[in-house]
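These notes are about the structure you will find just below.
Throughout, a chain's letter reflects where its sequence line sits, starting with A, and its residues are numbered from 1.
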Amino acid sequence: GAGVSQSPSNKVTEKGKDVELRCDPISGHTALYWYRQSLGQGLEFLIYFQGNSAPDKSGLPSDRFSAERTGGSVSTLTIQRTQQEDSAVYLCASSPQWTGELFFGEGSRLTVL
Amino acid sequence: QKEVEQNSGPLSVPEGAIASLNCTYSDRVSQSFFWYRQYSGKSPELIMSIYSNGDKEDGRFTAQLNKASQYVSLLIRDSQPSDSATYLCAVEGGSSYKLIFGSGTRLLVRP
């Protein structure tokens, strides 16, 4: 499809397990963002990529969170040793260069039991 | 102090009225400002961007920016029940390309 694609759409995991969330941005978009949205809350910035580099990792909540982007395209957000407070919807967005005009995927809903 | 502040609402207006949504931000060097709309259970979508002081109109939507007061607003004229959603204000993070979102204002348009 032409939009931002995220997978899985839903993930239920047990506390302590690792999870990987994938984002496939719109073709040609060089900027890619990850945000987290807890129930009824706003969007919490996690990380921003320009191409394959991440000039701003300041939003990652702890060292259990990491993200990478390869080939200037697909990005993976990895959460190690998941905790219940990690439960949220993880949203990926892309933009042609940096414009602030973001196109969001449908999100990956993570539930940690 | 939060970087981007919005009243959580809900803001309830009758159909056909003007809905006024407000946002303040803390970083004086921010240059780019955006309004996103998020329907329940859906992802945010961009509805307006504004970069210069003053008003910017697009159909029923008008964005207003006052950098001296660090204030952004969104007016929705002739509000429709389909406008019922959460409206998120987003501000460029000044010295970086980080886009900071407010917690959103829930708008309810009563038929």
Please classify the contact between Gln37(A) and chain B as side chain, backbone, both or neither, with a heavy-atom cut-off of under 4.5 Å. side chain

What part of Phe103(A) lies closer than 4.5 angstrom to a heavy atom of chain B: side chain, backbone, both or neither? neither

Relative to chain A, which segment of Gln38(B) carries a heavy atom at a distance below 4.5 Å: side chain, backbone, both, or neither? side chain

Following the transitive rule for hydrophobic clusters with a side-chain heavy-atom cut-off under 4.5 Å over Ile, Leu, Val, Met, Phe, Trp and Tyr, establish whether Phe49(A) and Leu99(B) coincide in one cluster. no

What's the shortest heavy-atom distance between Gly107(A) and Ser43(B), and which atoms? N-OG, 4.3 Å

Please report the interatomic distance CZ(Phe45(A)) to NZ(Lys98(B)), rounded to the nearest 0.5 Å. 5.5 Å

In terms of hydrophobic clusters joined by side-chain contacts under 4.5 Å, are Leu108(B) and Leu75(B) together? no

Is Val13(B) reachable from Tyr87(B) through a run of I, L, V, M, F, W or Y residues, each pair having side-chain heavy atoms under 4.5 Å apart? yes

Please answer: with hydrophobic residues joined when any side-chain heavy atoms are less than 4.5 Å apart, are Tyr51(B) and Tyr36(B) in the same cluster? yes

Contacting moiety of Phe33(B), where chain A heavy atoms sit under 4.5 Å: neither

Please say whether more than 12 non-hydrogen atoms of neighbouring residues, nucleotides or ligands are located less than 6.0 Å from CD in Glu14(A). no

Distance check, rounded to the nearest 0.5 Å: Phe104(A) atom CZ versus Lys42(B) atom NZ? 15.5 Å

Where do Glu101(A) and Phe34(B) come nearest, in terms of heavy atoms and distance? CG-CE2, 3.8 Å

Residue part contacting chain B, namely of Leu43(A), when any heavy atom lies under 4.5 Å: both

Considering all heavy atoms, the nearest Leu91(A)-Pro44(B) contact: CD1-CD, 4.1 Å

Is the count of non-hydrogen atoms from other residues, nucleotides or ligands lying under 6.0 Å from Arg69(A) atom CZ greater than 12? yes

Less than 6.0 angstrom separating the ring centers of Phe101(B) and Tyr35(A), yes or no? yes

Answer yes or no: does atom CG of Leu39(A) have more than 12 heavy-atom neighbours from other residues, nucleotides or ligands under 6.0 Å? no

With the 4.5 Å side-chain cut-off for hydrophobic clustering, are Leu21(A) and Val89(A) part of the same group? no

